[in-house]
Amino acid sequence: MVGEGAAIIDVGGESTRPGALAVPLDEELRRVIPVIRALVAELPVPVSIDTTKPEVMRAAVDAGAVSSMMSTRCVRPVR
């Protein structure tokens, strides 16, 4: 992806698609933390985390990620 011009890599371990099943905390950590560690060690671009869980955000930072954090569930519709 970086070779194709990606300036940031966003990692997520849970779908935010409407109707998608929730992923338990331990499973999301198992999915994203090894990926983040590998990407941070190999790539020259920032790595971000896309999650709704504060525990995953903290673990991602500890794993060396995070130029940004994305949580689609924090956004509320404007009425």
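In this text the structure is predicted, and so the values were computed from the model without any measurement.
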TODO: Specify the closest pair of heavy atoms between P46 and A7, including all atoms of both residues, with the distance to one decimal.
DONE: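 Looking at all heavy atoms of both residues, the shortest contact is CD-O, 3.3 Å.
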
message: Can you tell me how far apart CZ (R58) and OG1 (T51) are? Round to the nearest 0.5 Å.
response: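 If I round to the nearest 0.5 Å, the distance is 11.0 Å.
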
Practice item. May I ask you to decide if V23's main-chain N or O and E14's side chain share a donor-acceptor pair within less than 3.5 Å? Key: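 Looks like yes, one N/O pair under 3.5 Å.
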
**OP:** Verify the cluster assignment for L25 and I49: are they in a single hydrophobic cluster under the rule of side-chain heavy atoms below 4.5 Å apart?
**Re:**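 Same cluster.
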
List the atom pairs, donor and acceptor, that lie under 3.5 Å between side-chain atoms in residues 31-44 and the rest of the protein, sequence neighbours left out.
| residue | atom | partner | partner atom | Å |
| --- | --- | --- | --- | --- |
| R31 | NE | E27 | OE2 | 2.9 |
| R31 | NH1 | G13 | O | 2.8 |

